Amino acid sequence: MRVPKYYRVKGEILALTAGSEPGSPIPTERELAERFATSRTTVRQAIAELVVDGRLERRQGRGTFVAQPKLMQVRPLTSFSQDLQSEGWRPGSVIIEVSGREATGEVPEKLGVAPGAPVHRVERLRTVDGRPIAHETAHIPGPLPDLEAELVARGSLYRTMSDAYGMEIATVEDVIETVLADPVEANLLDVDTGLPILLIHRTAWDAGGRVLEWTRSAFRGDRFRFVARHRVHGQGDRGDA
């Protein structure tokens with residue numbers, strides 16, 4: 001089987017950067033083309049795939065660098081902050097907007113409320129060690145007095161919902177798909193337009209079945225990995241593998 005030239009160069013770049021510390025710069029496209037006796041177009045294609053794979057990252061105006069390891073595993077009923085803290089990272093959050101409004105568009109259906117019912121919209125940029133990692137927009141039903149101040153005081157939306165408003169989440173469902181970053185999302189996440197990102201729609205319910213949250217989160221696909229783990233209780237639960 002004939003191996004495409006860019007794929008061979010991709011492997012050579014990986015070998016070249018093996019053992020390098022995250023954040024280490026790699027040679028320029030011109031230097032790599034000379035080193036591997038190929039064209040800059042071939043090198044550019046190899047680098048583009050390594051960026052999508054999460055092995056390299058581009059920083060606008062600065063060059064291409066060895067990427068940090070991919071972050072986070074999704075665990076049932078845990079928040080962004082809890083997930084990252086358990087992995088030893090320093091999570092952060094930048095509030096873009098917190099506003100009360102009437103439920104319109106697809107929000108009434110997603111939250112199980114009547115059109116025009118009071119809801120809150122919480123838009124944030126989630127960070128790890130000060131760098132953007134996800135763009136998140138949450139919708140929460142009901143009047144929530146002083147939500148922004150309560151959220152700033154606690155940092156975690158789930159902790160705020162529980163401590164300040166008695167909203168206890170019992171069940172969540174995540175629907176995950178891959179999409180391409182549009183110019184707005186790419187700017188917020190500091191990635192190239194068109195880079196694959198992980199789009200997650202989360203719905204959360206309380207023990208009585210009331211929807212407490214519907215959230216759209218766009219994660220940098222080059223920085224995250226998601227793991228689903230389920231307990232198998234017995235022979236009858238295994239089904240066909």
Side-chain angles (χ1 to χ4, degrees), residues 1-74 80 83-84 87-92 125-137 174-202 216-229 241:
M1 181 179 67
R2 184 178 178 182
V3 178
K5 183 176 290 187
Y6 86 89
Y7 192 83
R8 175 180 58 81
V9 172
K10 181 180 174 181
E12 291 173 334
I13 295 174
L14 279 175
L16 178 66
T17 57
S20 298
E21 291 292 322
S24 300
I26 71 168
T28 65
E29 290 180 1
R30 176 177 298 175
E31 291 169 338
L32 290 171
E34 292 176 355
R35 178 190 291 261
F36 301 134
T38 189
S39 68
R40 292 180 63 179
T41 300
T42 299
V43 168
R44 191 173 299 119
Q45 185 176 1
I47 290 175
E49 284 211 1
L50 289 169
V51 169
V52 172
D53 291 345
R55 307 300 291 272
L56 300 177
E57 64 174 328
R58 289 195 179 101
R59 299 178 188 173
Q60 293 183 357
R62 297 180 58 190
T64 305
F65 300 81
V66 176
Q68 293 280 350
K70 289 197 174 185
L71 307 173
M72 195 167 120
Q73 299 177 350
V74 167
F80 175 92
D83 281 323
L84 290 180
E87 296 285 329
W89 298 93
R90 180 171 56 87
L125 188 64
R126 315 309 300 273
T127 64
V128 174
D129 293 338
R131 300 190 61 192
I133 206 73
H135 175 229
E136 179 182 280
T137 304
D174 290 324
V175 178
I176 304 173
E177 60 182 312
T178 302
V179 298
L180 302 180
D182 62 30
V184 173
E185 210 115 63
N187 182 61
L188 286 169
L189 296 178
D190 193 25
V191 299
D192 293 334
T193 299
L195 185 78
I197 58 177
L198 293 173
L199 182 62
I200 302 178
H201 290 283
R202 167 169 283 198
R216 177 193 184 278
S217 300
F219 289 85
R220 287 183 53 159
D222 61 333
R223 295 296 314 280
F224 268 81
R225 58 188 171 93
F226 290 91
V227 176
R229 181 176 298 164

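By convention here, the first residue in the shown sequence is residue 1. Predicted, not measured: the structure shown is a model, and the values here were computed from it.
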Student: To the nearest 0.5 Å, what is the distance between CZ (Arg131) and CG (Leu189)?
Tutor: 11.5 Å
Student: Using 0.5 Å steps for rounding, measure from the CD atom of Gln45 to the CG atom of Leu50.
Tutor: 11.0 Å
Student: If you compare all heavy atoms of Tyr6 against all heavy atoms of Thr42, which two are closest, and at what distance to 0.1 Å?
Tutor: CA-CG2, 3.5 Å
Student: Looking at side-chain heavy atoms only, is the closest gap between Leu14 and Arg55 below 4.5 Å?
Tutor: yes
Student: With a 4.5 Å cut-off on side-chain heavy atoms, are Ile26 and Ile47 touching?
Tutor: yes
Student: On a heavy-atom basis, which atom in Pro196 and which in Thr178 lie closest, and how many Å separate them?
Tutor: CB-CG2, 3.9 Å
Student: Do Val175 and Leu199 have side chains that approach each other closer than 4.5 Å (heavy atoms only, starting at C-beta)?
Tutor: no
Student: If I compare all heavy atoms of Val66 with all of Ser20, which pair ends up nearest, and what's the gap?
Tutor: CG2-CB, 3.9 Å
Student: Could you check whether any side-chain N or O of Asp192 sits under 3.5 Å from a backbone N or O of Leu195, counting only pairs where one atom can act as donor and the other as acceptor?
Tutor: no
Student: Would you call Val128 and Ile133 a side-chain contact if the rule is heavy atoms closer than 4.5 Å?
Tutor: yes
Student: Find the distance between CD (Glu29) and OG1 (Thr38) and round it off to the nearest 0.5 Å.
Tutor: 11.5 Å
Student: Would you please test Val9 and Leu32 for side-chain contact (heavy atoms from CB on, under 4.5 Å) and show each step?
Tutor: CA-CA 9 Å; Val9 172; Leu32 290 171; over 6 Å; no
Student: Within a strict 4.5 Å, meaning less than it, do heavy atoms of the His201 and Asp174 side chains meet?
Tutor: no
Student: Find the distance between NE2 (His135) and OG (Ser217) and round it off to the nearest 0.5 Å.
Tutor: 9.0 Å
Student: Flag the pair Arg220 and Glu57 as a salt bridge only when some basic side-chain nitrogen lies within less than 4.0 angstrom of an acidic carboxylate oxygen.
Tutor: yes
Student: Of all heavy-atom pairs between Thr28 and Glu31, which one has the smallest distance, and what is that distance?
Tutor: N-OE1, 2.9 Å
Student: Between Arg59 and Gly23, what is the shortest heavy-atom contact and its length?
Tutor: NH2-CA, 3.8 Å
Student: Using a 4.5 Å cut-off on heavy atoms from C-beta on, say whether the side chain of Leu180 contacts that of Thr193.
Tutor: no
Student: Centre of Phe65's six-membered ring, under 6.0 Å away, within 45 degrees of the axis: is that where NZ or CZ of Arg58 sits?
Tutor: no
Student: Are the charged groups of Arg216 and Glu177 less than 4.0 angstrom apart, N to O?
Tutor: no
Student: Is any side-chain heavy atom of Phe36 closer than 4.5 Å to one of Ile13?
Tutor: yes
Student: For Ala181 and Val191, which heavy atoms make the closest approach, and how far apart are they?
Tutor: CB-CG2, 4.3 Å
Student: Once you round to the nearest 0.5 Å, how far does CG of Leu125 lie from CG of Leu188?
Tutor: 6.0 Å
Student: Does any part of the side chain of Arg30, heavy atoms only, come nearer than 4.5 Å to the side chain of Arg40, both counted from C-beta?
Tutor: yes
